[in-house]
Protein chains: 4
Amino acid sequence: MAERSAPTDGPVGPDPRRRSERARRAVLTAAAELLGEVGFAKMTVEAIAARAGVGKQTIYRWWPSKAGVLLDVFTELTGSGSEERLPDTGDLAADLKAVLRATVDEFNDPVIDRTARAFTAEIQHDSAFAEAVREQQLRPGLEAYKARLRSAQEAGEIDPGLDLDIAVELLTGPFHQRWLQRTAPLTHGYVDALVDTALRGMRPPG
Amino acid sequence: MAERSAPTDGPVGPDPRRRSERARRAVLTAAAELLGEVGFAKMTVEAIAARAGVGKQTIYRWWPSKAGVLLDVFTELTGSGSEERLPDTGDLAADLKAVLRATVDEFNDPVIDRTARAFTAEIQHDSAFAEAVREQQLRPGLEAYKARLRSAQEAGEIDPGLDLDIAVELLTGPFHQRWLQRTAPLTHGYVDALVDTALRGMRPPG
Amino acid sequence: MAERSAPTDGPVGPDPRRRSERARRAVLTAAAELLGEVGFAKMTVEAIAARAGVGKQTIYRWWPSKAGVLLDVFTELTGSGSEERLPDTGDLAADLKAVLRATVDEFNDPVIDRTARAFTAEIQHDSAFAEAVREQQLRPGLEAYKARLRSAQEAGEIDPGLDLDIAVELLTGPFHQRWLQRTAPLTHGYVDALVDTALRGMRPPG
Amino acid sequence: MAERSAPTDGPVGPDPRRRSERARRAVLTAAAELLGEVGFAKMTVEAIAARAGVGKQTIYRWWPSKAGVLLDVFTELTGSGSEERLPDTGDLAADLKAVLRATVDEFNDPVIDRTARAFTAEIQHDSAFAEAVREQQLRPGLEAYKARLRSAQEAGEIDPGLDLDIAVELLTGPFHQRWLQRTAPLTHGYVDALVDTALRGMRPPG
DNA sequence: TTCTAAGCGAGACGGTACGTCACGTCTTAAG
DNA sequence: CTTAAGACGTGACGTACCGTCTCGCTTAGAA
């Protein structure tokens, strides 16, 4: 999934310098298209190869699985998520609501919904893929929340003794669970209420 | 002209009165064994049938997929989950911690962990299965939490204006997310802290 | 395929006196219809039973196979072929041509063609069925030819020393082979030429 | 855009240049062995594949059915039957008797008998297979007879006006019918008598 | 005239084989 | 050595029928 950096370290597999950029792009494009058309589960490596006009071996040479290809699709799209940052207007509740409302809108988009579910499914039995998704997709998002909460902590908006990991989970966990289990629809009203309730648990004591 | 007893059903499939209890039990037992031995992903319908000494068609006649079989295994084990109830000692925090600590222990059992992950994965691309799991496995659990919180609400322990669905999610969502994303280990200390923080958000105002 | 005659001889199977005539007729009718619609090869015992509104077991109770059923269909239709006799006008060539022309017409009927081919196929790997077909369907036909040739022999039309079995085969074998192998179409002209040539081989010497 | 070398063919199926000779031979060998051991009817594509150490798909890729495989077995054995020729000693009767006696011996060999019967059965409901068998196995044989008879015609041994197709059938049809219907055993004596009788019908007039 | 054993319709059962799909590896020919 | 193409061995899929085996129901014969 990641480019190898040095050709002489241990057993290296194919030489990345010889990799065909044309083929790489064709594969990622084909995979992205297929994801939209048939979804992750019904997508096959053979179909990606055929659509990309690429030999199957070319896929297997450079990616560990179709999940790996998809991960690269997203890493490509999101610029590896490195510069994610939440708004910080000084009003924590408002900032969180804005972000979560945007997230609601995203997850109500069928393509994003399907893709995220596919990732969730795949993560369960492919731990290398899970690790990669966690680091490249999830962690940056959670870190952004954590940074915003730390800022609020420094501003005295929330309890300085609070475990920020738990605080982040208090905001994202309920949302994530409701989405994943489809127990109820995701709406702006819902995330507003969620933020209000969660923040009550974070207020400075006294 | 058919003289079945249930006149209001739509397409009913095979007549359940003729179903062989012996075969049903053999399939569920075989599936449970295989789940423990090879895990859900490597389990096949053919293997279940072979181990159960049953024709494949007998499985396809009564279950929609191997996931359906596994769902029945669990429904069987948990007594269809109808009478789940949380302890109610009058101390909400203590009760919730006790329950969540037990859940931590469960999810740290590799077999349960693997199975729950397999279910989570399967749910993502099989909506009929998702519906069944939601109703038979998830809903009863969440309802039990909700009932306990309602009791606490009536006892004046928590804010009477609180949306109980959100309250339940505040307790289970973070746990569920941490487990699913493996962002950090599940420990008794974690759930204690989680309960304490979440409950701070639920206290009666004033 | 044949009715059992005595209820006390050896292992007798089901009691023929209790046999349901309604079911028997329904099966034969259904089988005949299916033969015309899908042909013998694609016909299944299940389909016969379903079409006849009969349990599969009822078929297996009274017939050894679907071929057995079909044989009964034909035995029923042809009155067991007992009274077959060729015309005898005194002109052997004319009589044979008339009969063979009629046979050409029969075998050019698609239903008869398909049925006869199905029998031919089935005979190859079911020797009990082969025996039954041979005795009930083939032998009477060949005997009729033989009788007509014997009559011609007595009338001095053909060589008294001729082996009549070979003589019959000389007339029917070529026809049968051409039909079976589809090497050329079956026409009235063909059988006329065949009869003429074959009879040249049978003339009295001198 | 595909750059295959045969530009005039219709839908061609897989590229025969890529075909694995090893797999092809293994399949034919396995099929031949199984034919001898269990016969055509009890032979399955799965068994051929297993014995050959080949995937089922490899069989389905190159042959339309198990009958197609068997046809190739025979085409392989008989050198595609292209150069069949009957002996021509100048004595037509003797030559025909020699050939037919040899054929009697062949058909009295159980393996050949069973195989020929299986082909006969298969031909009845698979017209593509029938066509192939007719062209590759039957036609060359019949042509050889026809050539020998033409030679005899030119030598003045038989009637120059005779329809040679009928003449061939007069010799092979009776034999074929007797074999197929098992009305009587195939012996050297029988074919001798058959040849004698048939040739009487072919003599030059006068 | 009732009783009772059978045949009956229905169709589930344990099996076998089917023909298809996709996997991940291997082979070929071209560049 | 990489590439496009695609054949290969493998293994599971879900379906079709096989012939056997229960189920209740009906039905005809002997009691």
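These figures come from a predicted structure and were not determined experimentally. Here is the naming used below: chain letters follow the sequence lines, and residue numbers restart at 1 for every chain.
Contact check, W62(D) against dA7(F): no side-chain N or O comes under 4.0 Å of OP1 or OP2. A close approach under 4.0 Å does not occur between any side-chain nitrogen or oxygen of T58(D) and OP1 or OP2 of dA7(F).
dC23(E) atom P lies 13 Å from atom NE2 of H125(A), rounded to whole Å. Counting to the nearest Å, the P atom of dG11(F) and the CE atom of M43(B) are 19 Å from each other. At whole-Å resolution of the value, CZ in R19(D) and C1' in dT28(E) are 17 Å apart. Note: CH2 (W63(D)) to C1' (dC18(E)) measures 18 Å, nearest angstrom.
Taken to the nearest 0.5 Å, the CG atom of L70(D) stands 9.5 Å off from the CG atom of L34(D). In this structure, CZ in R51(A) is found 10.5 Å from OG1 in T29(A), a value given to the nearest 0.5 Å. W62(A) CH2 to Q57(A) CD: the interatomic distance, rounded to the nearest 0.5 Å, is 11.5 Å. Interatomic distance, OG1 of T120(A) versus CZ of R117(B), reported as 11.5 Å (0.5 Å rounding). Taking NZ from K66(D) and CE from M43(D), the interatomic distance works out to 6.5 Å, rounded to the nearest 0.5 Å. To the nearest 0.5 Å, the span separating CG on L35(D) from OG1 on T115(D) amounts to 3.5 Å.
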Pull out every protein N or O sitting under 3.5 Å from an N or O of nucleotides 21-31 of chain F, one pair per line with the distance.
from    : atom 1 : to     : atom 2 : distance (Å)
dC21(F) : N4     : Q57(C) : NE2    : 2.2

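The shortest non-hydrogen separation linking A23(D) to T58(D) is CB-CG2, 4.2 Å.
Contacts with DNA chain F (heavy atom under 4.0 Å) in residues 45-55 of chain D: G53(D), V54(D), G55(D), listed by number. Against DNA chain F, the stretch residues 20-31 of chain D makes heavy-atom approaches under 4.0 Å through S20(D), R22(D).
Residues R61(D) and Y60(C) both approach DNA chain F. Their nearest nucleotides, taken by heavy-atom distance, put R61(D) toward the 5′ side.
Checked for salt-bridge contact, R25(A) and E76(A) meet the test: a charged N lies under 4.0 Å from a carboxylate O.
S127(B) places no side-chain N or O within donor-acceptor distance of the main-chain N or O of A130(B), the cut-off being under 3.5 Å.
With a 6.0 Å cutoff to the six-membered ring centre and a 45° limit on the axis angle, R19(B) counts as a cation-pi contact of W63(B).
Using bins of under 30°, 30° to 60° and over 60° for the plane-to-plane angle, the ring pair F40(A)/F119(A) lands in the tilted bin.
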